[in-house]
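Start at 1 with the first residue, then count along the sequence. Just so we're clear, the structure is a prediction, and the values are computed from it rather than from any experiment.
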Amino acid sequence: MRRFGAVLLGGLWGLAASATAQEIAYAPTPPPPPGSSTCPGGICQPEALSGLFEALAAAGAGGREHPVHVLQIGDSHTAGDGLTGKLRADLQARFGSGGRGALPAGPPYPGYAPFHVELAAEGWSTEVAPLHALRRRNAGFGLASVRGRAGPGQLEFRLEPGSEVRQVGVCGWPRGGGDGVIIDPGNDEPWPINLNPTSDDGSACITFPLARPASSIRISGVGSGATIASVWLEGDPSGVVVSGLGLTGATLRDLASRSDDLVSGELAIWKTTLLVLAFGTNEGFDPDLDPVAYERLLRDQIERMRRLGPFDMSLMILGAPDALRNGAVDGCSVDGQRAPPPSLALVRDVQRRVAADMGVAFWDWHGRMGGDCSADRLASMADPLMRPDRVHFTGAGAGWIGGVLSADLLAAYDAWKADAGPATGGVD
């Protein structure tokens, strides 16, 4: 037996030596197919997306004055822009690029690197919103969860080819007399923007068209400056925009603490077509979560967003994905030491029930990524789609799950369009 093994090893070694001149190209592990879902095609209540689908049909027919805008707000899954970046690429590949959309007025964390745009800050002061400040609404923050001081220094957005800017918008707060902000498109004269129209503390949102498309936008302060909460970069009015505004560690309570005044202004100038709520993971890791209070908060925020947003804005909840924590006994992971926190399933159940009751679309993220303990399976692949923490996706994983979401949305759109018939207009 030992001799046979030695001969076999020698034979294999000889084959390997004879093949040293050959190279075997690296082939990435194929991603898994989407998991099964409790929602047909991954989306429950797809009829709640009719406003989005009507806008997409009009974009395909070239009949829009402003881009179709999909805005996702949430936690670190959104902040990394991997999921939303893939959704942006897929929708723009089919319907055309409407620009880069809404962005924070400064990097929300070190190493912030969103897709399709480079953000460079020089001498620019950025403050990030505190987490879970629900006791009172903090008037200094909008949906981007940051505020930048337009004073000394500048903030520059450099766009990738195909994402050129045709219209710029800024939202913020006055800091006294004077224009406050200078917008420099690089290919024309700089524009002064008056964010200080009044002496009160009310927010202001201003948009203006550019004389010609620009590939970079620089923002700086003038006079007493201004406090900027967000920047809007719009391109072709017949295309699609996908914006992702996330805050690491955020929960639905953070959305609840944002200024009504500023949020209303942002949703209006961004002409938001679909608002995606992507919270739930951090709530699921809270051992003291009160599901009754969480349900009340979720209902309140859906009603609030409907009140503050455009009248025809659609809403969708991304159900909390699978995630695991360490320290489990007989857990579902391969090593038995990891399991989902108990509150995570409660969060997901509340989200699904509230969405059905309030006529909001619901995407079954948990099911589409593979269901229970899929976080461990995805992290254990030869080319992992989740990080070792079993909570966050790798770059490839975020792109994969973003592609599943975009495929589900487009399938629901195609089904809606087939049912709607010729009334939906041209070909896309």
Side-chain angles (χ1 to χ4, degrees), residues 41-43 45-73 84-102 116 143 159 162-169 205 207-210 213 232-245 264-277 305-306 308-318 359-363 402-403 405-428:
I43 300 178
Q45 297 84 241
E47 65 277 5
L49 300 173
S50 60
L52 169 68
F53 295 158
E54 290 169 1
L56 289 175
R64 288 193 49 94
E65 296 181 357
H66 298 281
V68 179
H69 183 206
V70 177
L71 169 63
Q72 179 172 313
I73 51 178
T84 44
K86 175 59 173 174
L87 181 62
R88 181 182 310 116
D90 287 354
L91 293 184
Q92 291 184 347
R94 178 162 175 178
F95 298 98
S97 174
R100 186 50 183 78
H116 307 114
L143 292 173
L159 286 305
S163 299
E164 288 80 7
V165 182
R166 299 188 181 191
Q167 181 163 279
V168 178
C205 290
T207 61
F208 68 96
L210 299 179
W232 171 251
L233 304 177
E234 181 178 318
D236 189 337
S238 63
V240 174
V241 169
V242 177
S243 304
L245 299 176
S264 178
E266 289 176 330
L267 292 175
I269 73 157
W270 300 342
K271 297 177 175 58
T272 307
T273 314
L274 170 65
L275 179 62
V276 181
L277 302 179
M305 292 299 105
R306 283 174 166 165
L308 297 179
F311 75 94
D312 56 349
M313 182 178 73
S314 300
L315 280 93
M316 181 166 69
I317 294 173
L318 301 193
V360 172
F362 174 88
W363 185 60
L405 173 58
S406 65
D408 287 348
L409 273 175
L410 288 173
Y413 167 70
D414 288 335
W416 170 88
K417 193 172 183 183
D419 290 340
T424 57
V427 178
D428 54 46

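- Here the options are T273, L143, V242, V241, the test is side-chain contact (heavy atoms from CB on, under 4.5 Å), and the partner is L71; only L143 passes.
- Residues L159 and S163 approach most closely at CG-O, 3.3 Å, considering heavy atoms.
- Considering only heavy atoms from C-beta on, S238 stays 4.5 Å or farther from R64 through its side chain.
- Taking D236 as the reference, nothing meets the salt bridge (charged side-chain N to carboxylate O under 4.0 Å, His left out) condition, with sequence neighbours excluded.
- Summarising the geometry of I43 relative to A361, their closest heavy-atom pair is CG2-CB, 4.4 Å, with the distance given to 0.1 Å.
- Inter-residue side-chain proximity for S406 and R88 is flagged as unmet; no heavy-atom pair is nearer than 4.5 Å.
- Between the side chain of T207 and the main chain of G169, no donor-acceptor pair closer than 3.5 Å is present.
- Counting heavy atoms from C-beta on, the side chains of M313 and R306 never come closer than 4.5 Å.
- Here the straight-line distance linking atom CG of L91 with atom CG of L274 works out to 9.5 Å at 0.5 Å rounding.
- Checked by atom type and distance alone, the side chain of S97 pairs as donor or acceptor with a backbone atom of G162 at under 3.5 Å.
- Distance alone, capped at 3.5 Å, places no donor-acceptor pair between the H69 side chain and the K271 backbone.
- For the pair D408/W363, a side-chain contact is recorded, criterion being any heavy-atom separation below 4.5 Å from C-beta on.
- With sequence neighbours left out, the salt bridge (charged side-chain N to carboxylate O under 4.0 Å, His left out) criterion links K86 to D90.
- A pairwise comparison of heavy atoms in G98 and P67 identifies O-CG, 3.5 Å as the closest pair.
- Using a distance-only test at 3.5 Å, with no hydrogens or angles considered, a donor-acceptor pair links the side chain of Q45 to the main chain of V360.
- Side-chain contact check for C205 versus W270: every heavy-atom pair is 4.5 Å or farther apart.
- No side-chain heavy atom of E65 sits under 4.5 Å from any side-chain heavy atom of P237.
- Between M305 and L315, the closest side-chain pair of non-hydrogen atoms falls below 4.5 Å.
- Between the E47 side chain and the W416 main chain, no donor and acceptor come within less than 3.5 Å of each other.
- Rounding to the nearest 0.5 angstrom, the gap separating the CG atom in D312 from the CD atom in E54 is 8.5 Å.
- Atoms CG and OH, from L49 and Y413 in turn, are 13.0 Å apart once rounded to the nearest 0.5 Å.
- Looking at L245 and Q72, their side chains never come closer than 4.5 Å, going by heavy atoms from C-beta outward.
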message = Between L56 and K417, is the side chain to side chain contact (heavy atoms under 4.5 Å, CB included) condition met? List the steps.
response = CA-CA 10 Å; L56 289 175; K417 193 172 183 183; over 6 Å; no
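- Here the shortest heavy-atom pairing between S243 and W232 reads OG-CZ3, 4.3 Å.
- I73 CD1 to L277 CG: the interatomic distance, rounded to the nearest 0.5 Å, is 5.5 Å.
- Here the closest non-hydrogen pair linking Q92 and G99 is NE2-O, 3.2 Å.
- Summarising the geometry of L410 relative to F95, their closest heavy-atom pair is CD2-CE1, 3.8 Å, with the distance given to 0.1 Å.
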task = Evaluate the criterion side chain to side chain contact (heavy atoms under 4.5 Å, CB included) for residue pair E234 and H66; output intermediate values, then yes/no.
result = CA-CA 8 Å; E234 181 178 318; H66 298 281; 3.6 Å; yes
